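Comments concern the structure below.
All values derive from a computational prediction rather than experimental measurement. Every chain is numbered from 1, with letters handed out A, B, ... down the list of sequences.
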Amino acid sequence: GAGVSQTPSNKVTEKGKYVELRCDPISGHTALYWYRQSLGQGPEFLIYFQGTGAADDSGLPNDRFFAVRPEGSVSTLKIQRTERGDSAVYLCASSLIPPIAGDVYNEQFFGPGTRLTVL
Amino acid sequence: SQKIEQNSEALNIQEGKTATLTCNYTNYSPAYLQWYRQDPGRGPVFLLLIRENEKEKRKERLKVTFDTTLKQSLFHITASQPADSATYLCASQDSNGNNRLAFGKGNQVVVIP
């Protein structure tokens, strides 16, 4: 089966523009995560979906960032009024079931990422 | 605040030798630590998970240890091969929620033929 896919692979935009980044998780995976990775850094958590709802969006840096997952599968990360500091690789991951507090971690499968460059 | 740290210097190692990477954590006690491999232009790929009550875990040529006293995990690649060249990331359960991972900066490993 296919892994996590993300489109576009690269996005170049101008400061102030609006962008949408798409993530197709592995079929059947109920949990979906967005991370952001800057050069020379590890991925940084942004938001986590369980099904259609955002179960944890506390990693979103500000209100310019928003994500949706209307049918519990594909997710879109939306960034308004982009700034140069938003330039990074945006990674999406999915897992079969969400981890339960105190229980065994469920492996997250990552996509290749979308490289966003804001000029 | 919670920190998970890796020495971000690149590790150059001769083929056949053992590469050892260190991951330190401070100000929290994760229930598990994980190690990922990341190649350029790709997302991280899960390698190993070790729980706090496990001292050591192995997978093929990989070995991970977890020392809760030292607050440290060591990641070993034995009999290293050029194909092992990549960045290796340490990650743990974030203290703010079990559903989010906190990553270290990663260590680049270069295996020289």
Side-chain angles (χ1 to χ4, degrees), chain A residues 3-6 9-10 21 23-26 29-51 53-60 88-115, chain B residues 1-10 21-25 29-54 57 59 64 66 73 75 86-108:
Chain A
V4 177
S5 62
Q6 293 186 246
S9 56
N10 280 284
L21 312 178
C23 171
D24 278 89
I26 293 172
H29 280 195
T30 58
L32 185 146
Y33 313 79
W34 284 98
Y35 293 84
R36 177 169 70 174
Q37 187 173 26
S38 301
L39 192 63
Q41 304 293 317
E44 174 192 18
F45 172 84
L46 295 177
I47 186 170
Y48 153 66
F49 286 90
Q50 172 50 30
D56 182 355
D57 65 356
S58 60
L60 295 176
V89 174
Y90 289 82
L91 294 163
C92 176
S94 68
S95 66
L96 186 58
I97 54 176
I100 301 168
D103 202 344
V104 175
Y105 166 77
N106 290 298
E107 180 182 347
Q108 294 184 21
F109 295 83
F110 283 82
T114 293
R115 180 175 297 279
Chain B
S1 62
Q2 167 192 334
K3 283 187 181 178
I4 184 163
E5 296 177 310
Q6 294 179 259
N7 178 351
S8 55
E9 291 181 10
L21 306 178
T22 303
C23 174
N24 295 295
Y25 59 92
S29 298
Y32 52 77
L33 287 168
Q34 307 158 65
W35 287 87
Y36 285 77
R37 171 182 173 141
Q38 188 172 25
D39 291 282
R42 296 182 177 269
V45 174
F46 174 81
L47 296 175
L48 281 166
L49 176 149
I50 185 165
R51 296 182 182 84
E52 61 181 338
N53 61 350
E54 297 175 322
K57 184 163 281 188
K59 178 182 176 182
V64 172
F66 193 169
S73 174
F75 176 82
T87 295
Y88 292 87
L89 296 158
C90 174
S92 79
Q93 165 194 28
D94 190 299
S95 61
N96 292 320
N98 201 41
N99 301 311
R100 47 198 287 178
L101 291 176
F103 283 88
K105 290 185 178 182
N107 267 124
Q108 185 183 14

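With values rounded to the nearest 0.5 angstrom, B:Arg100 atom CZ is found 11.0 Å from A:Ile47 atom CD1. Interatomic distance, A:Phe109 CZ to B:Phe46 CZ, rounded to the nearest 0.5 Å: 8.5 Å.
When the candidates A:Cys92, A:Gly40, A:Gly113 are compared by the number of heavy-atom contacts under 4.5 Å with chain B, A:Gly40 comes out ahead.
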message = side chain to side chain contact (heavy atoms under 4.5 Å, CB included), that's the test. Do A:Tyr35 and B:Leu101 meet it? Break it down for me.
response = CA-CA 9 Å; A:Tyr35 293 84; B:Leu101 291 176; 3.5 Å; yes

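Of the two parts of B:Gln108, neither the backbone nor the side chain holds a non-hydrogen atom closer than 4.5 Å to a non-hydrogen atom of chain A. Interface residue A:Gln37: only side-chain heavy atoms are found under 4.5 Å from chain B.
The heavy-atom pair separating B:Leu89 from A:Pro43 by the smallest distance is CD1-CD, 4.1 Å. Across A:Leu91 and B:Gly43, no two heavy atoms sit closer than the pair CD2-CA, 3.9 Å.
The local environment of NZ in B:Lys105 is sparse, with at most 12 non-hydrogen atoms from other residues, nucleotides or ligands closer than 6.0 Å.
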